Amino acid sequence: MPARSLPRAPLTAVVAALAVASLAGLMSGPAHAGGGSGPDGGGGPHGPTDPALRRGLQALVDTPGGPPGAIAVLTADGRSEVYRAGTSRLGTGRPPRTTDHMRIASTAKAFSGSVALQLTERGALGLDDTIGRRLPRLPAAWHRVTLRQLLNHTSGLPDYIEDPTFLAELTADPRRRFDSRRLLDYVAGDPLRFRPGSAYRYSDSDNIAVALMAEAVTGRPYEKLLAELVYRPLGLRDTSLPQGYRLPRPYLHGYAVDPPEAPEDVSTALSASGAWASGGIVSTPRDLGAFMRGYTGGLGIGPAVRRQQLSFVAGSSEPAGPGRNSAGLAVFSYATRCGTVYGHTGNFPGYTQLAAATKDGKRSLTVSLTSQVNSTTNPRLLATLRKLQEDFVCRLLDRRKPGGAY
């Protein structure tokens with residue numbers, strides 16, 4: 001179905017959610033809850049799963065307004081626990097799998113962070129390099145902004161996804177192919193939101209600028225830098241940064257959920273070109289976990305850059321992750337009652353993501369939903385999700401209370 005023929009109300013809701021969250025920040029089969037012992041299409045050896053966590057994930061899916069499907073993957077020492085609820089596509093009953101493609105939304109920002117920090121390690125970039133030095137064509141008012149400030153969202157750059165012209169063009173044709181490298185032009189006439197470095201505010205413009213800096217110092221397309229510095233070293237075979245609206249098969253179908261209306265499949269409603277380095281990457285639960293283990297474990301960087309990566313300021317990811325959130329360089333710390341993990345969240349029409357790992361990169365957790373959940377679309381469900389994510393973190397860190405509870 002052509003995108004412009006989508007029903008008016010759901011499409012409006014999708015675009016509205018996009019504006020306040022992130023492009024990176026919009027007939028049912030039988031429910032299925034399963035552990036790692038079921039068919040999964042690959043993903044390595046699986047261990048036994050925890051019944052309480054299985055019930056918690058199923059309850060999330062069964063909640064009115066909940067996602068049609070969800071999958072959580074905990075990996076440690078080469079073994080994974082896979083938790084599934086609902087379906088990968090309504091009307092089929094097929095459970096989500098670790099090899100299903102999905103839009104990873106703003107967790108893609110960690111990928112741009114990995115590219116930038118590896119280039120910093122090699123001396124091609126510096127964390128104190130400014131927009132004025134590396135991207136002089138951008139507005140002079142932005143020239144003092146540093147790479148460090150872009151990576152930890154203290155830059156003050158205006159967010160292009162909130163620009164009325166951008167939103168009007170997106171609404172007119174959600175599958176429009178934007179020039180990804182000109183996305184910042186939408187806000188080129190806008191002032192900085194605050195003096196760079198003086199405050200925290202999450203902005204999708206930040207990671208567009210990060211990718212442009214990486215291209216400027218290497219002369220190579222960002223997509224090729226991802227392949228060279230991230231995909232190949234980590235063996236990510238099912239991760240890509242597309243320009244169009246299609247998804248590789250098989251994929252988790254993402255839905256706009258707005259009871260009492262039936263969920264609407266929005267998996268291919270939007271072009272990824274409008275998100276690009278800020279949220280356009282497509283991956284799988286298996287690949288996403290492998291990436292986050294590599295990134296939090298210090299992929300391609302030495303101790304000095306690593307210390308900068310894990311220097312934190314007060315700030316929350318979008319949507320907020322489990323526990324107390326703090327912002328590092330394209331990575332967030334999530335301090336929970338059971339310990340701290342590091343990673344990123346994201347939401348995009350049809351999808352909500354958490355990818356986190358331990359500092360040593362040996363354990364990882366991904367939680368993926370097939371609807372967009374944030375503080376605007378469904379704050380109550382987000383609160384439930386964050387509690388469940390924290391329970392998964394406790395399982396990952398093996399911090400059970402006496403009697404087996406978390």
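All figures in this text were calculated on a predicted structure; none of them were measured in a lab.
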Could you give the distance from CG (L354) to CG (N347), rounded to the nearest 0.5 Å? 12.0 Å
Going by the rule salt bridge (Lys or Arg N to Asp or Glu O under 4.0 Å), which residues pair with R134 if we only count those two or more places apart in sequence or in a different chain? D129
Check: G350 main-chain N/O paired with H253 side-chain donor or acceptor under 3.5 Å: no
State the OH-CD distance between Y255 and E264, to the nearest 0.5 angstrom. 10.5 Å
Checking T120 now: which residues fulfil side chain to side chain donor-acceptor pair (under 3.5 Å) with it, not counting sequence neighbours? none
May I ask you to decide if G346's main-chain N or O and T107's side chain share a donor-acceptor pair within less than 3.5 Å? no
Between M213 and L135, is the side-chain contact (heavy atoms from CB on, under 4.5 Å) condition met? List the steps. CA-CA 7 Å; M213 275 193 173; L135 302 172; 3.9 Å; yes
Is it true that, when you exclude E261 itself, more than 12 heavy atoms of the residues, nucleotides or ligands shown sit nearer than 6.0 Å to its CD? no
T165 and E169 side chains, donor-acceptor separation under 3.5 Å: no
Look at E223 together with R181 and state whether they make a salt bridge at an N to O cut-off of under 4.0 Å. yes
Donor-acceptor contact below 3.5 Å, side chain Y202 vs main chain P319: no
Does D185 pair with R137 as a salt bridge, N-O distance under 4.0 Å? yes
Please determine whether side-chain contact (heavy atoms from CB on, under 4.5 Å) holds for the pair R103 and L270, giving the CA-CA distance in whole Å, both sets of side-chain angles, and the decisive distance to 0.1 Å. CA-CA 11 Å; R103 302 193 186 281; L270 293 169; over 6 Å; no
Heavy-atom count around R220 CZ within 6.0 Å, excluding the residue itself: above 12? yes
At what distance, to the nearest 0.5 angstrom, does CG of L365 lie from SG of C394? 11.0 Å
Please test S88 against R94 for side-chain hydrogen bond (donor to acceptor under 3.5 Å, both in side chains), starting from the C-alpha separation and ending with a verdict. CA-CA 6 Å; S88 61; R94 176 187 177 278; 2.8 Å; yes
CZ (F392) and CG (L397) are apart, to the nearest 0.5 Å, by 13.5 Å
So S106 and D204, do their side chains get closer than 4.5 Å, heavy atoms only? yes
Rounded distance (nearest 0.5 Å) linking atom CZ of R122 with atom CG of L229: 5.0 Å
Any V331 side-chain heavy atom under 4.5 Å of Q309 side chain: yes
Close side-chain approach of L226 to T239, heavy-atom, < 4.5 Å: no
Inspect the contact between D100 and R286 and indicate whether a charged nitrogen and a carboxylate oxygen are less than 4.0 angstrom apart. no
Looking at side-chain heavy atoms only, is the closest gap between Y342 and L310 below 4.5 Å? yes
Parallel, tilted or perpendicular: ring planes of H344 versus F332, cut at 30 and 60 degrees: perpendicular
Taking the side chain from R386 and the backbone from G323, do they hold a donor-acceptor pair closer than 3.5 Å? yes
So do the side chains of T352 and P67 get within less than 4.5 Å of each other, counting heavy atoms only? no
Would you please test D50 and R55 for salt bridge (charged side-chain N to carboxylate O under 4.0 Å, His left out) and show each step? CA-CA 9 Å; D50 182 88; R55 290 193 297 268; over 6 Å; no
Any side-chain heavy atom of T98 within less than 4.5 Å of one from S80? no
Only residue of L90, D265, L252, L369 satisfying side chain to side chain contact (heavy atoms under 4.5 Å, CB included) with P68 is L90
Do any N or O atoms from the side chain of E390 and from the backbone of P322 form a donor-acceptor pair under 3.5 angstrom? no
Is it true that a side-chain atom of R363 and a backbone atom of L396 form a donor plus acceptor pair closer than 3.5 Å? yes
L53 vs D391, side-chain contact (heavy atoms from CB on, under 4.5 Å): CA-CA, chis, key distance, verdict: CA-CA 7 Å; L53 293 178; D391 290 341; 3.6 Å; yes
Do Y83 side-chain atoms and G56 backbone N/O form a donor-acceptor pair below 3.5 Å? no
Could you check whether any side-chain heavy atom of T49 comes within less than 4.5 Å of a side-chain heavy atom of V82, counting everything from C-beta outward? no
Check: T284 side chain, D238 main-chain N or O, donor-acceptor pair, under 3.5 Å: no
To check you understand the geometry: which heavy-atom pair defines the closest contact between P158 and S205, and what is its length? O-OG, 2.6 Å
Pair Q353-S368, side-chain donor/acceptor within less than 3.5 Å: yes
d(T99 OG1, R237 CZ) to nearest 0.5 Å is 12.5 Å
Within a reach of under 6.0 Å around CZ of R380, are more than 12 heavy atoms found that belong to other residues, nucleotides or ligands? no
Any carboxylate oxygen within less than 4.0 angstrom of a Lys/Arg side-chain nitrogen, looking at D77 and K362? no
Going by the side chain to side chain donor-acceptor pair (under 3.5 Å) test, which pairs reach into residues 293-304, not counting sequence neighbours? R293-S364
Report yes if the distance between the aromatic ring centroids of Y160 and Y186 is under 6.0 Å, otherwise no. no
Do T268 side-chain atoms and Y245 backbone N/O form a donor-acceptor pair below 3.5 Å? no
Do L212 and I131 have side chains that approach each other closer than 4.5 Å (heavy atoms only, starting at C-beta)? no
Would S273 and Q243 count as a side-chain hydrogen bond (donor to acceptor under 3.5 Å, both in side chains) if you check the C-alpha gap in whole Å, the side-chain angles of each, and the deciding distance to 0.1 Å? CA-CA 5 Å; S273 63; Q243 280 284 300; 4.6 Å; no
Determine, stepwise, if the pair K109 / H153 fulfils side-chain contact (heavy atoms from CB on, under 4.5 Å). CA-CA 11 Å; K109 291 178 170 66; H153 297 297; 4.1 Å; yes
Polar side-chain atom of S114 near backbone of A110 as donor-acceptor pair, under 3.5 Å: no
